[in-house]
Protein chains: 2
Amino acid sequence: MRIGEIADTAGTTTKTLRFYEDQGLLPPTERTPAGYRDYTPETVARIDFIRRGQAAGLTLAQIRRILDIRDRGQAPCDHVRDLLDARLTEIEQQLAGLAALRDTIAELRDQAARPEPELCNPDQVCRYL
Amino acid sequence: MRIGEIADTAGTTTKTLRFYEDQGLLPPTERTPAGYRDYTPETVARIDFIRRGQAAGLTLAQIRRILDIRDRGQAPCDHVRDLLDARLTEIEQQLAGLAALRDTIAELRDQAARPEPELCNPDQVCRYL
DNA sequence: CTGGACCTTCCAGTACAGGGGAAGGTCAAG
DNA sequence: CTTGACCTTCCCCTGTACTGGAAGGTCCAG
């Protein structure tokens, strides 16, 4: 299968596939005599895996590590569990920070909802911030 | 005041101040005969405003717009209110997305907590993802 | 007059995940 | 035999907010 065909099947672009190969997420393929990449259909499953990893908030570098472990013939389950754990902790922190930011901004916005421009002081740019 | 002095007072770096000037957040200063930037102490208030804007999650580009309005002699209150509104909507969406992601990952992780590597299928890289 | 602390400009790079587009090669159909 | 669709490599660009460092100028103390 040529790169455009694989890209269409997997719902991505040729640019992305070359980029993934460059980043070590996809192994270099066979080439046709003309130098065209020649993919096997199993590659689609690998691309799908990459997408699932992204959907779980993993970076391409983390996904590559999982694939590397797998490519060496080991089961990456433990590593995946650790990554998911770490990701979960990160997300909880992000959620807490974001909720706090929301409260801060909501308060600022409530004050800004009652415009009294005459109170604006040239020294402070905007009294709402 | 020289740039290092202002940077120390405002709790930032000389690099950042030159960057802000380059980005239009700080107006070009007077220069000493030697070519050194010569800041007025009021600059500190402007830097503080930038920091408050950042704390509210605004980008430097958005903060610059506020400062531009103010520098033209107008009250930026309405614009600030709109920005805070938009920011609030964004954050609510981020919060919802992040909470959904957390649930997804928590579920995956729970499955991964019970390792049964013999179920791993070579075709799917990792059954947990 | 020398050393160190400061200042200047400019160039490049960081992390992230690709996208845009040029210059050129290949292949099948009309 | 040429057109058009595909492919190749290559390098630069996106957005965000800086940071690092080189090469050179300035200022003040000792």
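Chain letters run A, B, ... following the sequence lines, proteins first and then strands; every chain starts at 1. From a predicted model like this one, the values you see are computed outputs, not experimental measurements.
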Among the nucleotides [options], which one has an atom lying closest to any side-chain atom of [X]?
X: A/Y36; options: D/dA17, C/dG25, C/dC7; result: C/dG25
X: B/I3; options: D/dC7, C/dC7, C/dG18; result: C/dC7
X: B/R37; options: D/dC7, C/dT8, D/dC18; result: C/dT8
X: B/K15; options: C/dG18, C/dT26, C/dC10; result: C/dC10

When the nearest nucleotide of DNA chain C is assigned to A/I50 and to B/G4 on a heavy-atom basis, which residue is associated with the more 5' position?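 The 5'-side residue here is B/G4.
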
So which one's nearest nucleotide on DNA chain C is more toward 5', B/R31 or A/R2?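 Residue closer to the 5' terminus by nearest nucleotide: B/R31.
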
What's the [atom1]-[atom2] distance between [X] and [N], to the nearest Å?
X: A/I47; N: C/dA17; atom1: CD1; atom2: C1'; value: 15 Å
X: B/Y20; N: D/dT19; atom1: OH; atom2: C1'; value: 13 Å
X: A/I6; N: D/dC7; atom1: CD1; atom2: C1'; value: 15 Å
X: B/I63; N: D/dG15; atom1: CD1; atom2: P; value: 18 Å

One thing to verify: whether B/D48 and B/R51 come together as a salt bridge, which I'm taking to mean a side-chain N less than 4.0 angstrom from a carboxylate O.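 Between B/D48 and B/R51 there is no salt bridge, as every charged N stays at least 4.0 Å from the carboxylate O atoms.
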
Is there a continuous path of hydrophobic side-chain contacts, each under 4.5 Å between heavy atoms, that joins A/L25 to A/V44?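 Yes, A/L25 connects to A/V44 through the hydrophobic network.
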
Reckon [X] has a side-chain N or O less than 4.0 Å from the OP1 or OP2 of [N]?
X: A/R64; N: C/dA17; answer: no
X: B/T59; N: D/dG15; answer: no
X: A/T16; N: C/dG19; answer: yes
X: A/R18; N: C/dA17; answer: no

Has B/R87 got a side-chain atom pairing as donor or acceptor with B/G57's backbone, closer than 3.5 angstrom?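 Yes, the answer is positive, given that a donor and an acceptor are paired below the 3.5 Å cut-off.
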
For the backbone of B/R2 and the side chain of B/D38, can you confirm whether one donor and one acceptor N or O come within less than 3.5 Å of each other?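 It does not hold such a pair.
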
Is any side-chain heavy atom of A/R37 closer than 4.5 Å to a side-chain heavy atom of A/E21?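 In short, these two side chains touch, coming nearer than 4.5 Å.
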
Check: A/D85 and A/T89 side chains under 4.5 Å, non-hydrogen atoms: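 The answer is no, as the side chains (C-beta and beyond) never meet within the 4.5 Å cut-off.
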
Judged by each residue's nearest nucleotide on DNA chain D, which is more toward the 5′ side, B/Q54 or B/T32?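 Between the two, 5'-proximity favours B/Q54.
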
Does anything in residues 21-29 of chain B come within less than 4.0 Å of DNA chain D? Heavy atoms only, and list the residues if so.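 Hits under 4.0 Å, by residue number: none.
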
Take a 6.0 Å sphere around CZ of B/R102 and say whether it holds more than 12 heavy atoms from other residues, nucleotides or ligands.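 For B/R102, atom CZ is crowded (more than 12 foreign heavy atoms under 6.0 Å).
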
